[in-house]
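Whatever order the structure lists ligands and atoms in, that order sets their numbers, starting from 1.
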Amino acid sequence: MPKQAFGWSDAETDQLVRGKRSGIAIVGFGYIGTVIGAVLADRGWPVTGIDVRQHIVDEINRGVTSVREPGLDELVHNNVQAGRLRATTDFDAITDNDFIIVTVGTPLGPGFEPIVDDIAAAAREVGRRLQAGHLVTLKSTVPPGSTQTLVQPILEEISGLQAGVDFGLAFCPERLAEGRAIRDLLSIPVVVGAVEERSARACSTLWRHTLGVESVVVDNPRTAEMIKLADNLWIDLNIALANELAKVCDRLDVDVLQVIDGANTLPKVNHNVNILMPSMGVGGYCLTKDPWFVDHLGHSLGVELAIPRTSRTVNDTMPRYTFELLKRLLEEHGKALETSRVAVLGIAFKNDTGDCRLTPTKFAVELLEQSGCQLVVHDPWVTDEEARTVTRIPLTEDIESAVKDADALVFFTGHRQFKQIPLIRLAELAGPGCVFLDGRNSFDPAEVRAAGMIYKGIGR
Ligand SMILES: NC(=O)c1ccc[n+]([C@@H]2O[C@H](COP(=O)([O-])OP(=O)(O)OC[C@H]3O[C@@H](n4cnc5c(N)ncnc54)[C@H](O)[C@@H]3O)[C@@H](O)[C@H]2O)c1
């Protein structure tokens with residue numbers, strides 16, 4: 001029987017969490033659900049992942065995951081073996097657990113509006129099994145207001161129970177970044193906004209004690225929901241700033257990284273200026289949609305916002321900009337793109353992940369395909385199935401075959417494997433006069449040039 005996560009004194013909640021005497025159900029076992037589930041299980045919790053996709057559930061129960069994230073395979077394997085982690089499509093599993101965490105997707109609709117259908121569906125399933133003492137924590141990124149105007153009424157109506165009286169309810173945004181998800185989960189402070197104090201305390205106790213991270217408790221779920229969007233809007237806008245600086249630096253023949261490093265030494269209030277890195281594009285499941293959530297929110301409140309549209313528009317120009325850089329670079333060295341052999345290295349949206357959702361590389365690869373050049377594509381993190389969402393060209397399995405006789409090496413990601421192969425070896429394989437386009441500014445230009453290749457980065 002569940003021990004109940006909500007409604008106890010602080011000392012009892014503390015004991016419950018420290019003793020890991022109850023279980024955690026995670027509804028939505030995709031990227032975020034799997035990372036959180038594996039980490040919580042590794043910290044000793046019995047974790048049950050609940051998902052509507054049977055193949056995801058089957059994979060987990062075999063001890064494997066298709067989520068490509070450093071260290072995750074091992075965590076999933078070990079914790080399934082140890083009997084602490086399992087998955088199911090049966091929502092009845094909710095009843096055996098005291099902590100219920102919701103991590104279903106919240107995609108963008110065709111009109112750039114947030115789609116919260118999966119949140120509503122998950123809330124209905126949770127509501128049917130809700131018992132007094134449960135603590136429900138929503139972690140999906142949602143439009144501000146969703147916890148209390150969408151989730152709470154569904155839970156209360158279906159269960160006949162009251163939030164903050166019979167069961168706990170909190171919003172606790174997930175703030176990890178792909179490619180460093182496990183590290184982030186174990187280090188970034190959690191933000192908690194709950195419907196009342198006891199829910200907030202139970203929620204922050206769970207995360208603080210289990211992960212050893214600080215918790216920041218804010219007034220209500222709406223504030224926590226807004227914090228998540230503010231973070232991602234800041235990141236997207238800041239990258240847009242770096243990208244526009246890079247475009248100017250390209251014309252000035254100035255290294256944008258030196259500009260940014262220098263600019264970032266300026267103290268401003270409590271922190272330094274902190275301009276992020278330019279790149280061939282911004283992608284993935286969060287930065288491409290969360291600014292639109294803010295835009296939509298402003299619109300619904302009668303506030304016309306300029307920033308979300310601007311950051312999205314600027315960042316969306318980068319794949320074409322990078323493609324044009326390559327074309328020009330080849331021309332400057334006496335080659336035409338359409339008769340060149342081009343090796344694209346990395347198609348995931350980010351370094352050291354295999355996630356191709358909304359990857360900016362898709363647009364750049366499409367332009368390369370249309371150019372008629374001889375294209376080879378290699379990405380050690382991406383599965384063949386995921387690669388087919390980006391390009392119809394089958395992945396070349398090893399980097400050496402991909403690079404052989406190439407006129408241009410185009411690094412759309414800076415995966416760690418790409419830095420393990422000596423530059424001199426890449427130059428040998430590619431042959432003389434090879435162009436090296438560093439789409440993530442991950443390499444040292446002097447080292448690339450010393451190896452005999454023609455270096456170009458984004459803004460450098
Ligand atoms: N991916 C990231 O880096 C990241 C970071 C922070 C926050 N987030 C947010 O976390 C949420 C989840 O993101 P994700 O990347 O894990 O998405 P995802 O698509 O990988 O996972 C969502 C999972 O929910 C499942 N699902 C859908 N409806 C369901 C239902 N009714 N019941 C049970 N399961 C259901 C899907 O089958 C899928 O496996 C989103 O709101 C996202 O914005 C994502």
Side-chain angles (χ1 to χ4, degrees), residues 25-39 48-60 65-70 72 87-94 100-109 114-129 136-144 146-147 150-151 154 158 171-185 188 190-191 224-225 227-233 235-236 282-294 348-359 386 389:
I26 300 184
V27 180
F29 222 60
Y31 209 108
I32 293 300
T34 305
V35 171
I36 294 177
V39 168
T48 305
I50 303 174
D51 204 287
V52 289
R53 291 189 291 170
Q54 184 68 50
H55 72 277
I56 295 287
V57 164
D58 293 342
E59 259 182 19
I60 294 290
T65 172
S66 50
V67 174
R68 301 263 66 86
E69 188 64 46
L72 189 62
T88 177
T89 53
D90 182 0
F91 285 86
D92 284 346
I94 286 171
I100 303 161
I101 299 172
V102 178
T103 53
V104 299
T106 45
L108 205 56
I115 305 282
V116 290
D117 296 357
D118 290 350
I119 298 277
R124 284 193 292 274
E125 296 292 355
V126 173
R128 284 183 197 118
R129 282 99 183 162
V136 181
T137 302
L138 182 60
K139 269 197 156 287
S140 308
T141 305
V142 290
S146 301
T147 304
L150 175 69
V151 174
I154 293 175
I158 295 181
F171 182 78
C172 175
E174 187 42 68
R175 311 173 85 196
L176 61 78
E178 292 188 20
R180 37 176 299 151
I182 294 172
R183 209 170 5 141
D184 278 359
L185 199 61
I188 295 178
V190 290
V191 169
E225 291 159 344
I227 287 171
K228 172 67 195 175
L229 296 182
D231 275 338
N232 277 356
L233 180 59
I235 297 168
D236 198 50
V282 170
Y285 193 48
C286 294
L287 295 181
T288 53
K289 73 178 169 78
D290 295 353
W292 289 117
F293 280 23
V294 181
F349 88 93
K350 197 176 174 193
N351 302 345
D352 297 339
T353 90
D355 195 346
C356 288
R357 289 180 293 179
L358 300 157
T359 178
E386 187 90 2
T389 64

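- Remark: the backbone N or O of Gly283 is not paired with any side-chain donor or acceptor of Thr359 at under 3.5 angstrom.
- What sits closest to atom 41 (O) of ligand 1 on the protein, heavy atoms only, is Thr106 OG1, 2.6 Å.
- The closest protein non-hydrogen atom to atom 32 (N) of ligand 1 is Phe91 CZ, 3.3 Å.
- Of all the heavy atoms of Cys286, the ones lying under 4.0 Å from any atom of ligand 1 belong exclusively to the side chain.
- Contacts with ligand 1 closer than 4.0 Å are made by side-chain heavy atoms of Lys228 only, the backbone lying farther away.
- Looking at atom 21 (O) of ligand 1, its nearest protein heavy atom turns out to be Gly30 CA, 3.3 Å.
- Side-chain contact check for Tyr31 and Glu69: at least one donor-acceptor pair (N or O, by modelled atom type) lies under 3.5 Å.
- Proximity of Leu287 to Ile235: side-chain heavy atoms (C-beta onward) are separated by under 4.5 Å at one or more points.
- The salt bridge (charged side-chain N to carboxylate O under 4.0 Å, His left out) test with Glu178 singles out one residue from Arg68, Arg357, Lys350, Arg183, and that residue is Arg357.
- The residue among Val102, Asp118, Val57 with a heavy atom at the shortest distance from atom 27 (C) of ligand 1 is Asp118.
- Of the protein's heavy atoms, Lys289 NZ, 2.7 Å lies nearest to atom 43 (O) of ligand 1.
- To the nearest 0.5 angstrom, Leu358 atom CG is 4.5 Å from Thr288 atom OG1.
- Distances between N or O atoms of Thr141 and those of ligand 1 include at least one value under 3.5 Å.
- Remark: ligand 1 atoms within the under-4.0 Å shell around heavy atoms of Thr103 are 12 (C), 22 (C).
- Within the 4.0 Å heavy-atom shell around ligand 1 one finds Leu176.
- Salt bridge absent: Arg175 and Asp184 never bring a charged side-chain N and a carboxylate O closer than 4.0 Å.
- Looking at Asp290 against ligand 1, nothing comes within 4.0 Å, counting heavy atoms.
- Across the listed options Glu174, Arg175, Glu69, Glu174 owns the non-hydrogen atom lying nearest to atom 6 (C) of ligand 1.
- Residues Ser66 and Glu59 have side chains that bring a donor and an acceptor to within less than 3.5 angstrom of each other.
- Within the 3.5 Å criterion, the main-chain N or O of Cys356 finds a donor-acceptor partner in the side chain of Glu386.
- The atoms of ligand 1 that sit less than 4.0 Å from any heavy atom of Ala121 are 31 (N).
- Here the heavy atom of the protein found nearest to atom 22 (C) of ligand 1 is Gly105 N, 3.6 Å.
- Taking only nitrogen or oxygen atoms, main chain and side chain alike, Tyr31 reaches within less than 3.5 Å of ligand 1.
- Set against the non-hydrogen atoms of Val27, the atoms of ligand 1 under 4.0 Å away are 32 (N), 33 (C).
- Residue Ile32 has at least one N or O atom closer than 3.5 Å to an N or O atom of ligand 1.
- Taking CG of Leu108 as the start and OH of Tyr285 as the end, the distance is 9.5 Å to the nearest 0.5 Å.
- Applying the 4.0 Å criterion to heavy atoms of Glu178 picks out, from ligand 1, the atoms 1 (N), 2 (C), 3 (O).
- In this structure, the side chains of Val27 and Glu125 stay at 4.5 Å or more apart for every pair of heavy atoms.
- Residues Ile119 and Val104 are in side-chain contact: their nearest non-hydrogen atoms beyond the backbone lie under 4.5 Å apart.
- Among Val104, Ile26, Asp51, the residue whose heavy atom lies closest to atom 25 (C) of ligand 1 is Asp51.
- With hydrogens left out, the protein atom closest to atom 42 (C) of ligand 1 is Tyr285 CE2, 3.6 Å, a heavy atom.
- A distance of 10.5 Å separates CG of Asn232 from CZ of Phe293, quoted to the nearest 0.5 Å.
- Of the listed residues (His55, Arg357, Arg124), the one carrying the non-hydrogen atom nearest atom 19 (O) of ligand 1 is Arg357.
- Atom-to-atom distance recorded for Leu138:CG and Ile100:CD1 is 12.0 Å, nearest 0.5 angstrom.
- In terms of protein heavy atoms, atom 24 (O) of ligand 1 is closest to Gly28 CA, 3.4 Å.
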